[in-house]
K.L.:
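Next up is a structure, given as structure tokens.
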Amino acid sequence: MTQRDLRYTAIPDLRNEYRPGQEPGCVVKSYDPAKEALRISVKETESNPFEGAEFRHPAGSRKQAVIAGKYGGGVFCNLPDGAVCMCSYSYQHEDSDFLVGDTVILAVVRHDREKRQLYGKS
């Protein structure tokens, strides 16, 4: 399973969260007896923190978060309630200013209901 299959929040290093032999809870999504294929979800044992995020983290608000990962031009930030915000860098910052595990203040820019994603500026 990938990180996206395990949690709604970004996980910087799966080895810090999961161990061989660990038996996390899961939800059975489907089973195809002809192919003997079982689809499960670990993350769906909890509610999606994006639900209600537009009220808890309205556009224009500033929030404290922890950087969980980086991508070209930005960072993935975990908010305290488990919501993840994809943040692009402010013009005065560059990639080397941010490290995984750093605490940042971000500005929530918008919510994308279709992608179920928060976007912001760090």
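Residue numbers run from 1 in the order of the sequence given. FYI, side chains are in, hydrogens and waters are out, and symmetry mates aren't considered; it's all heavy atoms of this structure.
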K.L.:
Tell me whether Q117 contacts the main-chain N or O of V84 through its side chain, where contact means a donor paired with an acceptor under 3.5 Å.
P.N.:
yes

K.L.:
If Ile, Leu, Val, Met, Phe, Trp and Tyr residues are connected whenever their side-chain heavy atoms lie under 4.5 Å apart, and connections chain through other members, are I11 and I40 in the same group?
P.N.:
yes

K.L.:
Indicate yes or no for a side-chain donor-acceptor contact from K63 to the backbone of P80 under 3.5 Å, with no hydrogens or angles considered.
P.N.:
no

K.L.:
Is the closest side-chain heavy-atom distance between E54 and R113 below 4.5 Å?
P.N.:
yes

K.L.:
Are the side chains of D5 and V42 in touch, meaning some heavy atoms are under 4.5 Å apart?
P.N.:
no

K.L.:
Is there side-chain contact between H57 and D81, with heavy atoms separated by less than 4.5 Å?
P.N.:
yes

K.L.:
Less than 4.5 Å apart, side chain to side chain, heavy atoms only: is that true for I67 and F76?
P.N.:
no

K.L.:
Are K121 and Y89 packed together at the side-chain level, in the sense that at least one heavy-atom pair is separated by less than 4.5 angstrom?
P.N.:
no

K.L.:
For V104 and C77, work out which heavy atoms get closest and say how close.
P.N.:
CG2-SG, 3.9 Å

K.L.:
Can you tell me if E36 has over 12 outside heavy atoms packed within less than 6.0 Å of its CD?
P.N.:
no

K.L.:
Answer yes if the ring centres of F50 and Y8 are under 6.0 angstrom apart, and no otherwise.
P.N.:
no

K.L.:
How many angstroms lie between atom CG of L106 and atom CE of M86, to the nearest 0.5 angstrom?
P.N.:
13.0 Å

K.L.:
Below 4.5 Å, heavy atoms only, C-beta onward: do C87 and Y119 meet side chain to side chain?
P.N.:
no

K.L.:
So do the side chains of F98 and H93 get within less than 4.5 Å of each other, counting heavy atoms only?
P.N.:
yes

K.L.:
Under a 4.0 Å N-O cut-off, is there an ion pair linking E46 with R7?
P.N.:
no

K.L.:
Mind listing the closest non-hydrogen atom pair of L79 and A65 along with its distance?
P.N.:
CD2-CB, 3.9 Å

K.L.:
Could you report the tightest heavy-atom contact between D112 and K115, atom names first, then the distance?
P.N.:
OD1-N, 3.0 Å

K.L.:
So which atom in A68 and which in V100 form the shortest heavy-atom distance, rounded to 0.1 Å?
P.N.:
O-CG1, 3.9 Å

K.L.:
Do you know the tightest heavy-atom contact between A53 and H111?
P.N.:
O-NE2, 3.7 Å

K.L.:
Would R62 and I105 count as a side chain to side chain contact (heavy atoms under 4.5 Å, CB included) if you check the C-alpha gap in whole Å, the side-chain angles of each, and the deciding distance to 0.1 Å?
P.N.:
CA-CA 7 Å; R62 297 177 67 78; I105 300 296; 3.8 Å; yes

K.L.:
What do you reckon, is CD of Q92 surrounded by more than 12 foreign heavy atoms closer than 6.0 Å?
P.N.:
yes

K.L.:
Compare all side-chain heavy atoms of V75 with those of D95 and state whether any distance is below 4.5 angstrom.
P.N.:
no

K.L.:
Run T103 and Q64 through side chain to side chain contact (heavy atoms under 4.5 Å, CB included) and show every step you take.
P.N.:
CA-CA 7 Å; T103 299; Q64 181 175 329; 3.3 Å; yes

K.L.:
Do R116 side-chain atoms and E51 backbone N/O form a donor-acceptor pair below 3.5 Å?
P.N.:
no

